[in-house]
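In what follows, a single structure is set out as structure tokens and then discussed.
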Number of protein chains: 2
Amino acid sequence: MKTSPAVEKFLRSIYLLEVRNQKASGITLASKLNISPAAVTDMAIKLANKGLIKYQKHQSVKLTTKGLKVALNASRKHRLWETFLHKTLKLSLDEIHIEAELIESNTSTKLLNMMEEYLNFPEHDPHGDPIPDKNGILPEKQKFTPLNENIPGSYQIGRIHFESNEINDFFTEYEFKVGDILELVLIFKMDNALLIKRNKVSMVISNNIASRILVNKVIS
Amino acid sequence: MKTSPAVEKFLRSIYLLEVRNQKASGITLASKLNISPAAVTDMAIKLANKGLIKYQKHQSVKLTTKGLKVALNASRKHRLWETFLHKTLKLSLDEIHIEAELIESNTSTKLLNMMEEYLNFPEHDPHGDPIPDKNGILPEKQKFTPLNENIPGSYQIGRIHFESNEINDFFTEYEFKVGDILELVLIFKMDNALLIKRNKVSMVISNNIASRILVNKVIS
DNA sequence: TTATAAAATTAAGTTTACTTAAAAAATGAA
DNA sequence: TTCATTTTTTAAGTAAACTTAATTTTATAA
């Protein structure tokens, strides 16, 4: 099934929401894709006719099996490119998303597979998100929790959630990376901000930012 | 000046013809770009209005200074990607053109410059074509001659001319590369085919193919 | 419950990059 | 020079991916 860049981005957006158990409503998609709500309805009808999504008036859309397949392949493209740009060309964590979006759409399967091999079949991109293999199979799911939902203790960053315009370059500025060890010292009652320590340096981060940092407990 | 993929390809096509002193006529462009002659006229009018080309009814088009600038940047993109795909991802000489065409259009200046640095500022792509720098300046021109226009003797390949659908995978099959040393033994009077020797292996190549191999005389 | 705000849809229109088919102009061989 | 072929243009139309503006539907809060 040939799919245009716009269709791939649309389906990938739905996938990203579904995977986090969020509803793919009109406005949400419109804002994620930076298009008008009318354009979303438009596209939804088209894709429903192609059997890629389930769509009923005034309800959030859902991927069909067929649509999921396309979305997984789009994610694969995106995440392999992100990994490649980061590992090979040393683009920073907050640049790779945008750059990948620009390039990815017309990547051939052949090139994609060569990139994957060159990168030695990575299972996760630099944000920690899983990369589907060429059959659309995801690596075994690790269960991380948002840092802000934990009690004081030591944690390792397993994933960092931020898409283009959602969060600023916080993570780049402070060089938070997948694999880093953080110590959660306490959570302030007043505003739910978190006092954390990394490499012996203390800092306070907002609850919102902490919710984007997914971690695993470290037994120390 | 923002330019679409279609516009960039159009201007680059004209540039490629002009640089070889060929006229950028309607049918030529139509066949190079795989679009209808009507689409060429269409685009020509649009680009002339934007001051990117000079266009007069029933005449071949010409790049303006402004248009040349865009074309040079498009060539830079294309050739850097080709180099990158070949050097880093090991795509073969006859694959890089097609793959680069698919990806190149939306490459950001930033990414392009990082690629260039990663590749250590190459002056020529794997076909031997010159890569404009970020200011659109081409490396000093080397003057090669088509192999078929030479007399018997030793030559080094300086450039190989073949675009996507023009020539088959001859060069890949026989692994002719820029830098290779060829010995021209003789040119057959009958069909102008060439008897050449490379690495002590003799072979006969057609005049047409030889015309795509640009060489320098080697003083041996 | 009902007014109001939010979300989604419909309708109409736009731009880009094409297409086909027919007409007109230019070119080139006899 | 003229007639046929080639090339180019014109005209009309299409598909994708949007937009704005108005309308309808749904959700929410008093």
Side-chain angles (χ1 to χ4, degrees), chain A residues 1-14 17-18 22-63 67 70-71 74 101-106 164-165, chain B residues 1-14 17-18 22-63 67 70-71 74 101-106 164-165:
Chain A
M1 161 145 291
K2 253 175 307 181
T3 46
S4 68
V7 167
E8 287 191 10
K9 288 202 197 320
F10 195 90
L11 294 173
R12 192 161 67 85
S13 271
I14 300 171
L17 290 167
E18 286 189 352
Q22 288 167 359
K23 295 219 156 169
S25 69
I27 17 128
T28 311
L29 287 173
S31 94
K32 296 260 177 203
L33 293 164
N34 256 302
I35 57 178
S36 69
V40 172
T41 305
D42 227 56
M43 185 63 102
I45 292 167
K46 257 189 242 168
L47 298 192
N49 287 335
K50 288 189 182 172
L52 292 164
I53 60 172
K54 270 172 276 178
Y55 163 72
Q56 281 185 295
K57 270 193 192 181
H58 297 281
Q59 280 181 232
S60 49
V61 298
K62 293 192 181 82
L63 291 175
V70 175
E101 285 250 310
L102 292 172
I103 299 172
E104 65 191 0
S105 315
N106 298 307
S164 53
N165 42 19
Chain B
M1 162 146 291
K2 253 175 307 181
T3 46
S4 69
V7 168
E8 287 191 11
K9 289 201 198 317
F10 195 89
L11 294 173
R12 191 161 68 84
S13 271
I14 300 172
L17 290 167
E18 287 189 352
Q22 288 167 0
K23 296 219 155 170
S25 69
I27 16 128
T28 311
L29 287 172
S31 94
K32 296 260 177 202
L33 294 164
N34 255 302
I35 57 179
S36 68
V40 172
T41 305
D42 226 58
M43 185 64 101
I45 293 167
K46 255 188 243 167
L47 297 191
N49 286 335
K50 288 189 182 171
L52 293 164
I53 61 174
K54 269 172 277 178
Y55 164 72
Q56 282 186 295
K57 270 195 192 180
H58 299 283
Q59 279 182 232
S60 50
V61 298
K62 294 192 181 81
L63 291 175
V70 175
E101 285 251 311
L102 292 171
I103 300 172
E104 65 190 1
S105 316
N106 298 305
S164 52
N165 41 20

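Order of the sequence lines fixes the chain letters, A, B, ..., with proteins taken first and strands second; residue numbering starts at 1 for each chain. All values below were derived from every heavy atom in this structure, side-chain atoms included, with hydrogens, water molecules and symmetry-related copies excluded.
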What is the distance, to the nearest angstrom, from the [atom1] atom on [X] to the [atom2] atom on [N]?
| X | N | atom1 | atom2 | answer |
| --- | --- | --- | --- | --- |
| A:I35 | D:dT19 | CD1 | P | 6 Å |
| B:D42 | D:dT9 | CG | P | 11 Å |
| A:K2 | D:dA15 | NZ | P | 15 Å |
| B:K50 | C:dT15 | NZ | C1' | 10 Å |
| B:Y55 | D:dT10 | OH | C1' | 10 Å |
| B:I27 | C:dT27 | CD1 | P | 12 Å |
| A:K46 | D:dA15 | NZ | P | 11 Å |

Next item on the list: Classify the nucleic acid contact of A:A6 as base, sugar-phosphate or nothing, counting any heavy atom under 4.0 Å across all strands shown.
Entry: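 It contacts sugar-phosphate atoms only.
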Item checked: Interatomic spacing from OG in A:S4 to NZ in A:K46 - rounded to 0.5 Å ->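 NZ of A:K46 is found 8.0 Å from OG of A:S4.
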Check: Closest nucleotide of DNA chain C for B:A38 versus for A:G26: which of these residues is on the 5' side?
Finding: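 Its nearest nucleotide being more 5', the pick is A:G26.
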Item checked: OP1 or OP2 of C:dT10 under 4.0 Å from side-chain N/O of A:K57 ->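 So the side chain of A:K57 is within the cut-off, an N or O lying under 4.0 Å from OP1 or OP2 of C:dT10.
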Next item on the list: Compare the minimum distances between each of D:dT10, C:dC18, C:dT20 and the side chain of B:S36, then state the nucleotide with the smallest one.
Entry: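 Among the listed nucleotides, the one closest to the side chain of B:S36 is C:dT20.
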